[in-house]
Number of protein chains: 2
Amino acid sequence: MIRQRLQAARLRPSRQRISLAGLLFVAGDRHVTAEQLHREAQALDMPLSLATVYNTLRQFVASGLIREVAVFGSTVWYDTNTGSHCHYFDEGRQRLEDIPSDLTRDLKIAAPPGYRIVGVDVIVRLRDDETLQ
Amino acid sequence: MIRQRLQAARLRPSRQRISLAGLLFVAGDRHVTAEQLHREAQALDMPLSLATVYNTLRQFVASGLIREVAVFGSTVWYDTNTGSHCHYFDEGRQRLEDIPSDLTRDLKIAAPPGYRIVGVDVIVRLRDDETLQ
DNA sequence: CTTATTGCAAACCGTTTGCACGTTC
DNA sequence: GAACGTGCAAACGGTTTGCAATAAG
(Lines give C-alpha, C1' and ligand atoms only; values in the text may rest on other atoms or scores of the structure.)
Protein backbone atom coordinates (compact mmCIF):
# COMPACT_ATOMS: atom_id res chain seq x y z
CA MET A 1 0.00 0.00 0.00
CA ILE A 2 2.82 2.32 1.04
CA ARG A 3 4.94 0.98 -1.82
CA GLN A 4 2.13 1.63 -4.29
CA ARG A 5 1.78 5.16 -3.05
CA LEU A 6 5.49 5.79 -3.57
CA GLN A 7 5.41 4.12 -6.95
CA ALA A 8 2.48 6.29 -8.04
CA ALA A 9 4.59 9.31 -7.05
CA ARG A 10 7.53 7.92 -9.06
CA LEU A 11 9.74 7.64 -6.00
CA ARG A 12 11.86 4.56 -5.49
CA PRO A 13 10.75 2.58 -2.45
CA SER A 14 13.89 2.90 -0.39
CA ARG A 15 13.91 1.72 3.21
CA GLN A 16 13.90 5.32 4.47
CA ARG A 17 11.01 6.47 2.28
CA ILE A 18 8.95 3.45 3.27
CA SER A 19 9.57 4.17 6.95
CA LEU A 20 8.60 7.82 6.65
CA ALA A 21 5.60 7.21 4.41
CA GLY A 22 4.49 4.57 6.92
CA LEU A 23 4.65 7.03 9.81
CA LEU A 24 2.83 9.67 7.80
CA PHE A 25 0.07 7.69 6.14
CA VAL A 26 -0.80 4.77 8.40
CA ALA A 27 -2.59 6.82 11.03
CA GLY A 28 -4.87 9.17 9.08
CA ASP A 29 -4.29 12.92 9.05
CA ARG A 30 -1.03 14.06 10.55
CA HIS A 31 0.72 17.38 11.08
CA VAL A 32 4.42 17.14 11.75
CA THR A 33 7.72 18.94 11.52
CA ALA A 34 10.87 17.31 10.19
CA GLU A 35 12.36 17.09 13.67
CA GLN A 36 9.26 15.47 15.14
CA LEU A 37 9.18 12.87 12.42
CA HIS A 38 12.87 12.17 12.88
CA ARG A 39 12.40 11.65 16.62
CA GLU A 40 9.50 9.29 15.95
CA ALA A 41 11.55 7.26 13.51
CA GLN A 42 14.41 7.03 16.02
CA ALA A 43 12.05 5.91 18.75
CA LEU A 44 10.83 3.10 16.49
CA ASP A 45 14.36 2.08 15.56
CA MET A 46 14.03 3.17 11.97
CA PRO A 47 17.56 4.38 11.30
CA LEU A 48 17.63 7.46 9.07
CA SER A 49 19.34 10.81 9.20
CA LEU A 50 17.73 14.16 9.82
CA ALA A 51 18.93 15.37 6.42
CA THR A 52 17.09 12.50 4.80
CA VAL A 53 13.91 13.41 6.65
CA TYR A 54 14.17 16.98 5.35
CA ASN A 55 14.92 15.87 1.81
CA THR A 56 12.24 13.22 1.79
CA LEU A 57 9.57 15.56 3.08
CA ARG A 58 10.41 18.02 0.32
CA GLN A 59 10.17 15.26 -2.28
CA PHE A 60 6.81 14.18 -0.86
CA VAL A 61 5.59 17.75 -1.19
CA ALA A 62 6.87 18.01 -4.77
CA SER A 63 5.02 14.78 -5.57
CA GLY A 64 1.81 16.00 -4.00
CA LEU A 65 1.73 13.32 -1.28
CA ILE A 66 1.70 15.92 1.49
CA ARG A 67 1.66 19.68 1.73
CA GLU A 68 3.45 22.44 3.59
CA VAL A 69 1.68 24.78 5.96
CA ALA A 70 2.94 28.28 6.76
CA VAL A 71 3.00 28.97 10.49
CA PHE A 72 4.87 31.63 12.43
CA GLY A 73 8.55 30.98 12.88
CA SER A 74 11.09 29.27 10.72
CA THR A 75 9.72 25.77 11.20
CA VAL A 76 8.00 24.14 8.26
CA TRP A 77 4.95 22.01 9.03
CA TYR A 78 3.84 19.13 6.85
CA ASP A 79 0.25 18.01 6.50
CA THR A 80 -0.86 14.69 5.06
CA ASN A 81 -4.24 16.18 4.18
CA THR A 82 -3.65 17.82 0.81
CA GLY A 83 -7.25 18.99 0.33
CA SER A 84 -8.51 22.51 0.92
CA HIS A 85 -8.82 23.20 4.63
CA CYS A 86 -7.69 25.48 7.44
CA HIS A 87 -5.69 25.05 10.62
CA TYR A 88 -5.67 25.70 14.29
CA PHE A 89 -2.24 26.32 15.75
CA ASP A 90 -1.94 25.79 19.49
CA GLU A 91 0.81 28.22 20.43
CA GLY A 92 1.27 26.78 23.90
CA ARG A 93 1.74 23.16 22.90
CA GLN A 94 3.07 24.03 19.42
CA ARG A 95 0.62 21.71 17.75
CA LEU A 96 -1.06 22.09 14.38
CA GLU A 97 -4.54 20.67 13.73
CA ASP A 98 -7.17 20.75 11.03
CA ILE A 99 -10.24 22.90 11.43
CA PRO A 100 -13.07 20.43 10.80
CA SER A 101 -15.13 22.56 8.41
CA ASP A 102 -13.42 23.97 5.34
CA LEU A 103 -13.65 27.68 6.01
CA THR A 104 -12.04 28.60 2.71
CA ARG A 105 -15.35 27.91 0.97
CA ASP A 106 -16.76 30.98 2.75
CA LEU A 107 -13.99 33.18 1.42
CA LYS A 108 -14.76 35.11 -1.73
CA ILE A 109 -11.24 35.57 -2.97
CA ALA A 110 -10.33 36.99 -6.34
CA ALA A 111 -6.81 37.22 -7.70
CA PRO A 112 -5.72 40.71 -8.76
CA PRO A 113 -5.53 41.12 -12.55
CA GLY A 114 -2.51 39.36 -14.03
CA TYR A 115 -2.20 36.98 -11.11
CA ARG A 116 -3.14 33.43 -10.32
CA ILE A 117 -3.90 32.11 -6.83
CA VAL A 118 -1.52 29.27 -6.03
CA GLY A 119 -2.70 28.64 -2.51
CA VAL A 120 -4.68 29.94 0.44
CA ASP A 121 -3.49 29.49 4.00
CA VAL A 122 -5.76 30.16 6.93
CA ILE A 123 -4.30 29.67 10.34
CA VAL A 124 -6.19 30.39 13.53
CA ARG A 125 -3.80 30.86 16.41
CA LEU A 126 -4.96 29.54 19.78
CA ARG A 127 -3.84 29.81 23.36
CA ASP A 128 -5.34 27.54 25.97
CA ASP A 129 -6.98 29.17 28.94
CA GLU A 130 -4.29 28.05 31.39
CA THR A 131 -1.33 29.04 29.23
CA LEU A 132 -2.98 32.43 28.69
CA GLN A 133 -0.96 34.05 31.50
CA MET B 1 3.47 63.01 15.95
CA ILE B 2 6.01 60.19 15.74
CA ARG B 3 7.28 61.13 19.19
CA GLN B 4 3.76 61.06 20.58
CA ARG B 5 3.19 57.63 19.12
CA LEU B 6 6.34 56.33 20.77
CA GLN B 7 5.49 58.00 24.04
CA ALA B 8 2.02 56.44 24.01
CA ALA B 9 3.74 53.07 23.58
CA ARG B 10 6.08 53.90 26.53
CA LEU B 11 9.16 53.71 24.34
CA ARG B 12 11.86 56.34 24.69
CA PRO B 13 12.17 58.46 21.56
CA SER B 14 15.69 57.50 20.61
CA ARG B 15 17.10 58.63 17.29
CA GLN B 16 16.83 55.08 15.92
CA ARG B 17 13.24 54.53 16.98
CA ILE B 18 12.20 57.88 15.54
CA SER B 19 13.86 57.00 12.23
CA LEU B 20 12.18 53.62 12.00
CA ALA B 21 8.79 54.83 13.18
CA GLY B 22 9.07 57.59 10.58
CA LEU B 23 9.72 55.13 7.77
CA LEU B 24 6.89 52.91 8.94
CA PHE B 25 4.16 55.40 9.71
CA VAL B 26 4.64 58.39 7.43
CA ALA B 27 3.47 56.68 4.26
CA GLY B 28 0.29 54.84 5.23
CA ASP B 29 0.12 51.05 5.26
CA ARG B 30 3.42 49.29 4.86
CA HIS B 31 4.60 45.68 4.73
CA VAL B 32 8.28 45.19 5.32
CA THR B 33 10.94 42.81 6.52
CA ALA B 34 13.71 43.82 8.89
CA GLU B 35 16.28 43.71 6.11
CA GLN B 36 14.20 45.87 3.79
CA LEU B 37 13.70 48.49 6.46
CA HIS B 38 17.39 48.46 7.28
CA ARG B 39 18.29 49.02 3.64
CA GLU B 40 15.83 51.90 3.43
CA ALA B 41 17.29 53.53 6.51
CA GLN B 42 20.80 53.18 5.09
CA ALA B 43 19.72 54.70 1.80
CA LEU B 44 18.35 57.73 3.69
CA ASP B 45 21.51 58.06 5.79
CA MET B 46 19.82 57.07 8.99
CA PRO B 47 22.63 55.22 10.71
CA LEU B 48 21.43 52.21 12.68
CA SER B 49 22.43 48.60 12.92
CA LEU B 50 20.52 45.61 11.63
CA ALA B 51 20.29 44.22 15.17
CA THR B 52 18.58 47.41 16.26
CA VAL B 53 16.08 47.10 13.44
CA TYR B 54 15.25 43.57 14.54
CA ASN B 55 14.97 44.54 18.20
CA THR B 56 12.97 47.67 17.48
CA LEU B 57 10.49 45.86 15.27
CA ARG B 58 9.90 43.32 18.03
CA GLN B 59 9.32 46.10 20.54
CA PHE B 60 6.89 47.79 18.18
CA VAL B 61 4.98 44.54 17.89
CA ALA B 62 4.94 44.08 21.67
CA SER B 63 3.57 47.62 22.00
CA GLY B 64 0.89 47.02 19.41
CA LEU B 65 2.21 49.63 16.96
CA ILE B 66 2.61 47.06 14.19
CA ARG B 67 1.97 43.37 13.76
CA GLU B 68 3.71 40.30 12.44
CA VAL B 69 2.40 38.30 9.52
CA ALA B 70 3.12 34.60 9.02
CA VAL B 71 4.33 33.85 5.50
CA PHE B 72 6.21 30.83 4.15
CA GLY B 73 9.88 30.81 4.85
CA SER B 74 11.91 32.02 7.78
CA THR B 75 11.42 35.72 7.08
CA VAL B 76 9.17 37.68 9.41
CA TRP B 77 6.98 40.36 7.82
CA TYR B 78 5.76 43.43 9.66
CA ASP B 79 2.53 45.22 8.88
CA THR B 80 1.64 48.72 10.04
CA ASN B 81 -2.05 47.92 9.70
CA THR B 82 -2.93 46.25 12.99
CA GLY B 83 -6.62 45.82 12.23
CA SER B 84 -8.27 42.61 11.07
CA HIS B 85 -7.45 41.94 7.43
CA CYS B 86 -5.91 39.44 5.04
CA HIS B 87 -2.93 39.39 2.72
CA TYR B 88 -1.83 38.65 -0.76
CA PHE B 89 1.70 37.36 -1.04
CA ASP B 90 3.31 37.75 -4.46
CA GLU B 91 5.70 34.81 -4.54
CA GLY B 92 7.54 36.05 -7.62
CA ARG B 93 8.33 39.53 -6.37
CA GLN B 94 8.26 38.50 -2.69
CA ARG B 95 5.87 41.29 -1.80
CA LEU B 96 3.14 41.31 0.81
CA GLU B 97 -0.03 43.38 0.34
CA ASP B 98 -3.37 43.88 2.03
CA ILE B 99 -6.47 42.37 0.53
CA PRO B 100 -8.83 45.35 0.30
CA SER B 101 -11.92 43.71 1.80
CA ASP B 102 -11.61 42.08 5.20
CA LEU B 103 -12.31 38.47 4.33
CA THR B 104 -12.08 37.35 7.94
CA ARG B 105 -15.58 38.71 8.51
CA ASP B 106 -16.88 35.93 6.27
CA LEU B 107 -15.18 33.28 8.37
CA LYS B 108 -17.27 31.67 11.05
CA ILE B 109 -14.51 30.59 13.35
CA ALA B 110 -15.05 29.16 16.79
CA ALA B 111 -12.30 28.31 19.25
CA PRO B 112 -12.28 24.72 20.50
CA PRO B 113 -13.40 24.43 24.14
CA GLY B 114 -10.78 25.65 26.58
CA TYR B 115 -9.07 27.82 23.99
CA ARG B 116 -9.01 31.45 23.02
CA ILE B 117 -8.31 32.75 19.51
CA VAL B 118 -5.33 35.05 19.63
CA GLY B 119 -5.13 35.77 15.90
CA VAL B 120 -6.26 34.75 12.46
CA ASP B 121 -3.89 34.82 9.50
CA VAL B 122 -5.18 34.48 5.97
CA ILE B 123 -2.61 34.61 3.27
CA VAL B 124 -3.44 34.16 -0.41
CA ARG B 125 -0.37 33.17 -2.35
CA LEU B 126 -0.09 34.61 -5.86
CA ARG B 127 2.05 34.04 -8.89
CA ASP B 128 1.95 36.47 -11.75
CA ASP B 129 1.09 35.11 -15.16
CA GLU B 130 4.61 35.63 -16.55
CA THR B 131 6.43 34.15 -13.58
CA LEU B 132 4.08 31.14 -13.75
CA GLN B 133 6.59 28.96 -15.60
C1' DC C 1 23.23 59.17 38.38
C1' DT C 2 20.04 55.65 37.27
C1' DT C 3 17.86 53.15 33.78
C1' DA C 4 17.15 52.19 29.01
C1' DT C 5 19.02 51.72 24.33
C1' DT C 6 22.43 50.64 20.90
C1' DG C 7 25.98 48.09 18.12
C1' DC C 8 28.99 44.61 17.43
C1' DA C 9 30.17 39.96 16.95
C1' DA C 10 29.11 35.63 18.18
C1' DA C 11 25.58 32.25 18.93
C1' DC C 12 21.41 30.14 17.33
C1' DC C 13 18.25 27.13 14.91
C1' DG C 14 15.82 25.17 11.28
C1' DT C 15 17.04 24.06 6.81
C1' DT C 16 19.84 23.03 2.60
C1' DT C 17 23.80 21.30 0.10
C1' DG C 18 28.31 19.04 -1.71
C1' DC C 19 30.08 14.97 -2.04
C1' DA C 20 31.60 10.13 -1.10
C1' DC C 21 29.28 5.91 -0.35
C1' DG C 22 25.39 2.63 -0.77
C1' DT C 23 21.11 1.01 -3.09
C1' DT C 24 17.64 0.18 -6.74
C1' DC C 25 16.41 -0.98 -11.32
C1' DG D 1 26.51 -0.52 -14.37
C1' DA D 2 23.65 3.66 -14.84
C1' DA D 3 20.76 6.35 -12.24
C1' DC D 4 19.17 7.37 -8.01
C1' DG D 5 19.09 7.81 -2.75
C1' DT D 6 21.50 8.45 1.69
C1' DG D 7 24.41 10.37 5.45
C1' DC D 8 27.66 13.25 7.16
C1' DA D 9 29.42 17.59 8.08
C1' DA D 10 29.73 21.96 6.63
C1' DA D 11 27.30 26.05 4.87
C1' DC D 12 23.34 29.00 4.93
C1' DG D 13 20.10 32.79 6.10
C1' DG D 14 17.23 35.06 9.06
C1' DT D 15 17.04 36.07 13.79
C1' DT D 16 18.47 36.62 18.70
C1' DT D 17 21.65 37.61 22.44
C1' DG D 18 25.66 38.93 25.76
C1' DC D 19 27.99 42.61 26.78
C1' DA D 20 30.54 46.93 26.73
C1' DA D 21 29.69 51.61 25.20
C1' DT D 22 26.31 55.37 24.84
C1' DA D 23 22.22 58.18 25.47
C1' DA D 24 17.74 59.51 27.82
C1' DG D 25 15.11 60.87 31.96
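To find a chain, count down the sequence lines: A is the first, B the second, and so on, and within it residues start at 1.
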Checklist outcome for this item: Checking D:dG7, C:dG14, C:dG7 against the side chain of A:Gln16 (C-beta onward), the nearest is D:dG7

Next on the checklist: Without decimals, in angstroms, what is the distance between B:His38 NE2 and D:dT15 P?
Outcome noted: 13 Å

Item to check | Note: A:Asp128-A:Arg95 ion pair, threshold 4.0 Å (strictly below) | outcome: no

Checklist entry - Can you check the A:Tyr54 OH to C:dC13 P distance for me, whole Å? => result 12 Å

Item to check | Separation of C:dT24 C1' from A:Arg17 CZ (nearest whole Å) | outcome: 10 Å

Item to check | B:Leu11 CG - C:dA4 C1' separation (whole Å) | outcome: 11 Å

Next on the checklist: Testing the 3.5 Å rule here: is there a donor-acceptor pair between the side chains of B:Thr75 and B:Thr33?
Outcome noted: no

Item to check | Pair A:Thr104-A:His85, side chain to side chain contact (heavy atoms under 4.5 Å, CB included): steps then yes or no | outcome: CA-CA 7 Å; A:Thr104 60; A:His85 66 287; over 6 Å; no

Next on the checklist: Heavy-atom nearest nucleotide on DNA chain D for A:Arg10 versus B:Pro13: which residue maps closer to 5'?
Outcome noted: A:Arg10

Checklist entry - Whole-Å distance between D:dT15 C1' and B:Glu68 CD? => result 11 Å

Item to check | Nearest-neighbour nucleotide for the A:Ala51 side chain, D:dA9, D:dG14, C:dT15 considered | outcome: D:dA9

Next on the checklist: Side-chain N or O of A:Ser14 versus OP1/OP2 of D:dT6: is the shortest distance under 4.0 Å?
Outcome noted: yes

Checklist entry - For A:Leu6 and C:dT24, what is the distance between atoms CG and P respectively, to the nearest whole Å? => result 13 Å

Checklist entry - With no hydrogens and no angle check, do the side chains of B:Asp79 and B:His31 hold a donor and an acceptor under 3.5 Å apart? => result yes

Item to check | Sorted by number, the residues of residues 55-62 of chain B with heavy-atom contact under 4.0 Å to DNA chain D | outcome: B:Asn55, B:Arg58

Checklist entry - Any N or O donor-acceptor pair linking the side chain of B:Arg12 to the base of C:dT5 at under 3.5 Å? => result no

Next on the checklist: At less than 4.0 Å, is any side-chain N or O atom of A:Thr52 found next to OP1 or OP2 of D:dG7? Yes or no.
Outcome noted: yes

Item to check | Proximal nucleotide (of C:dG7, C:dG14, D:dT6) relative to the B:Ser49 side chain | outcome: C:dG7

Checklist entry - Between A:Leu24 and A:Leu57, is a side chain to side chain contact (heavy atoms under 4.5 Å, CB included) present by the stated rule, with each step listed? => result CA-CA 10 Å; A:Leu24 288 170; A:Leu57 286 171; 4.1 Å; yes

Item to check | Cationic tip of B:Arg125 above B:Phe72 ring, under 6.0 Å, 45° of axis | outcome: no

Checklist entry - Can you tell me how far C1' of C:dC13 sits from CD of A:Glu35, to the nearest Å? => result 8 Å

Checklist outcome for this item: B:Val76 has its side chain closest, among C:dG7, C:dT17, D:dT15, to D:dT15

Item to check | Protein-nucleotide distance (A:Arg39, atom CZ; C:dG14, atom C1'), rounded to Å | outcome: 12 Å

Checklist entry - Is it the case that more than 12 heavy atoms not belonging to B:Gln42 sit under 6.0 Å from its CD atom? => result yes

